[in-house]
Asks: 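For reference, the structure I am asking about is given below.
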There are 2 protein chains.
Amino acid sequence: MTEGQDRRELILSTAAELFAQRGLHATTVRQIGDAVGLFSGSLYYYFPSKDAILDELLTRYLDAIRVRYATVLAADKRPAETLHDLVVTSLEVAQEHPHAQAIYQNEGQFMREMPGFEQVQTAAADVQQTWLRVIEAGAADGSFRRDIPPRVFYRLIRDAVWLSVRWHRPDGPYPTRRLAEDITSILLDGFAARDAGDRPPDDPVSREAHLLP
Amino acid sequence: MTEGQDRRELILSTAAELFAQRGLHATTVRQIGDAVGLFSGSLYYYFPSKDAILDELLTRYLDAIRVRYATVLAADKRPAETLHDLVVTSLEVAQEHPHAQAIYQNEGQFMREMPGFEQVQTAAADVQQTWLRVIEAGAADGSFRRDIPPRVFYRLIRDAVWLSVRWHRPDGPYPTRRLAEDITSILLDGFAARDAGDRPPDDPVSREAHLLP
DNA sequence: GTCTATACATCGATAGAC
DNA sequence: GTCTATCGATGTATAGAC
């Protein structure tokens with residue numbers, strides 16, 4: 001790891017923070033330079049353009065998420081457990097790439113039209129397919145409701161997980177693991193109160209089934 | 001309603017569409033002018049600045065939502081029903097102001113720092129308080145779970161509702177009313193399948209309780 | 001009311017000294 | 001590798017003719 005690589009990483013992470021905080025178009029290369037302690041022109045020694053910084057940022061994040069999703073799927077658990085693991089994994093990756101997640105969330109529409117970001121688009125389609133297949137498997141084996149379109153449930157759980165980066169502080173009193181359990185618990189079992197023992201013990205998705213030991 | 005007012009409305013709605021589609025900073029006043037069939041300079045006969053267009057757009061939307069929320073609260077129903085009505089109302093207002101909702105979602109971070117948008121900020125705080133009070137009332141009277149922080153549930157349901165404008169097409173085969181019922185049903189009762197009759201009939205939030213007749 | 005023309009700032013990016 | 005200096009494009013907004 002040479003010193004030049006460190007600078008490159010610093011530019012990358014600083015730009016990510018600014019893009020996420022103030023928006024992609026509202027962030028100028030001069031602001032990035034100021035934040036890393038370089039003049040804007042010097043950035044072009046490391047990156048050919050502002051868009052190249054964005055592209056590398058998102059590609060890294062989406063690659064990371066695909067690798068982690070593949071591990072979850074390889075465990076070959078039942079749909080409800082797989083869904084729970086996808087939530088946990090997504091929150092973990094978001095914690096490792098906090099800004100990239102927000103950038104993709106906020107600037108997604110822009111990148112769908114932008115040429116040169118096809119790689120980002122196909123990676124995003126992969127992610128969607130992963131979620132959808134698990135949800136459809138659960139509908140097929142009877143562990144999930146069939147009266148809700150899989151795409152609708154996919155949107156709800158994906159938005160809940162992905163948007164949590166906007167308000168959740170991983171280092172606060174409400175840890176990421178607890179958030180993952182609460183999201184899974186609400187979306188699978190519901191928020192309405194119910195008496196203990198009102199569900200059959202052999203229920204495939206009892207409230208504790210998807211809590212880690 | 002003079003002809004000038006019509007033009008003003010056209011500029012407002014056109015700008016809203018562009019802001020929502022391509023992003024606030026990615027939209028130029030020239031593009032707005034082109035879209036309404038005016039030269040960019042002529043826009044300044046109707047509005048003092050680009051930001052003034054944005055401000056009026058969001059203020060109208062947030063005012064509309066506050067009026068409608070007040071009506072829902074005035075009905076003074078039980079928490080679960082009120083929550084359901086807030087979901088329906090939010091989706092209806094989003095349908096009437098489809099672009100403003102998206103703009104606020106996407107550009108919210110920017111406006112929290114921007115001076116001159118204090119009115120937008122206080123209106124947004126009002127909206128949040130409305131949801132939170134209903135959720136807390138439900139936790140207090142025992143109809144909602146107490147093991148989930150109200151703020152967490154608030155974020156989940158708000159994000160689910162507000163982000164649906166990104167993917168839901170009100171004029172498609174999946175109508176807005178159905179979406180409202182499905183969101184309420186999942187978030188209150190859960191997505192996991194369960195046998196009929198596994199819940200007591202006097203359950204305050206049985207699956208059909210918050211379905212309109 | 002709308003257009004033509006343009007002021008003025010700021011943007012991303014480049015060239016060349018050091 | 002970083003800086004100085006600056007180019008050309010583009011952004012918001014204005015001035016004045018019509």
Side-chain angles (χ1 to χ4, degrees), chain A residues 1-58 103 106-107 109-111 113-117 120, chain B residues 1-58 103 106-107 109-111 113-117 120:
Chain A
M1 180 102 55
T2 75
E3 200 170 290
Q5 284 301 321
D6 287 350
R7 264 275 200 268
R8 225 185 104 90
E9 292 303 313
L10 182 62
I11 293 170
L12 225 34
S13 61
T14 305
E17 188 174 346
L18 291 173
F19 289 164
Q21 255 178 27
R22 315 155 82 102
L24 176 63
H25 292 91
T27 302
T28 71
V29 293
R30 273 176 249 259
Q31 288 174 321
I32 300 172
D34 286 352
V36 302
L38 276 175
F39 283 75
S40 65
S42 306
L43 298 175
Y44 291 83
Y45 172 79
Y46 297 97
F47 296 94
S49 72
K50 180 183 173 182
D51 277 1
I53 300 179
L54 173 66
D55 191 81
E56 180 159 341
L57 218 55
L58 293 173
I103 294 165
N106 299 335
E107 245 67 55
Q109 310 221 37
F110 161 74
M111 283 173 301
E113 318 177 343
M114 198 64 174
F117 289 90
V120 171
Chain B
M1 179 108 53
T2 76
E3 200 170 288
Q5 283 302 320
D6 286 352
R7 262 272 198 269
R8 224 184 106 90
E9 292 303 313
L10 181 62
I11 293 169
L12 225 33
S13 62
T14 304
E17 189 174 345
L18 290 173
F19 288 163
Q21 256 177 26
R22 315 154 83 102
L24 175 64
H25 292 92
T27 303
T28 71
V29 293
R30 273 180 253 260
Q31 289 173 320
I32 299 172
D34 287 352
V36 301
L38 275 174
F39 282 76
S40 66
S42 306
L43 298 176
Y44 290 84
Y45 172 78
Y46 297 97
F47 296 94
S49 72
K50 181 184 173 183
D51 277 0
I53 300 178
L54 174 67
D55 190 80
E56 180 159 342
L57 218 56
L58 292 173
I103 294 165
N106 299 334
E107 246 67 57
Q109 310 220 34
F110 161 74
M111 284 175 301
E113 318 178 343
M114 198 64 173
F117 289 90
V120 171

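So that the names make sense, note that chain A is the first sequence line, chain B the second, and so on, each numbered from 1.
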Asks: Using a 4.0 Å heavy-atom cut-off to protein, can you give one letter per nucleotide of nucleotides 8-15 of chain C, 5' to 3': B if the base is in contact, S if only the sugar-phosphate is, - if neither?
Replies: ---BBBB-

Asks: For a quick test of reading the model: is some side-chain N or O of B/Tyr45 closer than 4.0 Å to OP1 or OP2 of C/dG1?
Replies: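 For C/dG1, OP1/OP2 do have a side-chain N/O of B/Tyr45 under 4.0 Å.
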
Asks: Roughly, in whole Å, what's the span from CD1 in B/Ile11 to P in D/dT12?
Replies: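 My rounded result for the distance is 15 Å.
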
Asks: Side-chain donor-acceptor pairs under 3.5 Å in residues 17-24 of chain B, sequence neighbours left out?
Replies:
none

Asks: Over how many whole Å does the gap from A/Leu38 atom CG to D/dT2 atom P extend?
Replies: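 Answer to the nearest Å: 5 Å.
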
Asks: In this structure, how many angstroms lie between the P atom of D/dC18 and the CZ atom of B/Phe39, rounded?
Replies: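 After rounding, the reported distance stands at 17 Å.
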
Asks: Starting at atom CG of B/Leu54, determine the distance to atom C1' of D/dT12, rounded to an integer number of angstrom.
Replies: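 Rounded to whole Å, this separation is 15 Å.
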
Asks: List the residues meeting side chain to side chain donor-acceptor pair (under 3.5 Å) with B/Asp55, not counting sequence neighbours, and say none if there are none.
Replies: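 Not a single residue meets the side chain to side chain donor-acceptor pair (under 3.5 Å) criterion with B/Asp55.
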
Asks: Considering residues at least two apart in sequence or located in another chain, which fulfil the side-chain contact (heavy atoms from CB on, under 4.5 Å) criterion with B/Asp34?
Replies: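 Residues passing side-chain contact (heavy atoms from CB on, under 4.5 Å) with B/Asp34: none at all.
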
Asks: Rounded to whole Å, please give me the gap between CG in A/Leu10 and C1' in D/dT2.
Replies: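 A/Leu10 atom CG is separated from D/dT2 atom C1' by 15 Å.
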
Asks: A/Phe47 CZ to D/dT2 P: how many Å, rounded?
Replies: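 Taking atom P of D/dT2 as the reference, CZ of A/Phe47 is at 13 Å.
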
Asks: Quick one: list whatever passes ring pair (Phe, Tyr, Trp, His ring centres under 6.0 Å) with B/Phe110, sequence neighbours left out.
Replies: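 Expected list: B/His25.
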
Asks: Flag the pair B/Met111 / B/Leu58 as yes when at least one side-chain heavy-atom distance between them is below 4.5 Å, and no otherwise.
Replies: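 They are in side-chain contact.
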
Asks: Name all residues meeting the side chain to side chain donor-acceptor pair (under 3.5 Å) criterion together with A/Glu56; count only those two or more places apart in sequence or in a different chain, and write none if there are none.
Replies: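 For A/Glu56, the residues satisfying side chain to side chain donor-acceptor pair (under 3.5 Å) (neighbours in sequence not counted) are A/Arg8, A/Arg60.
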
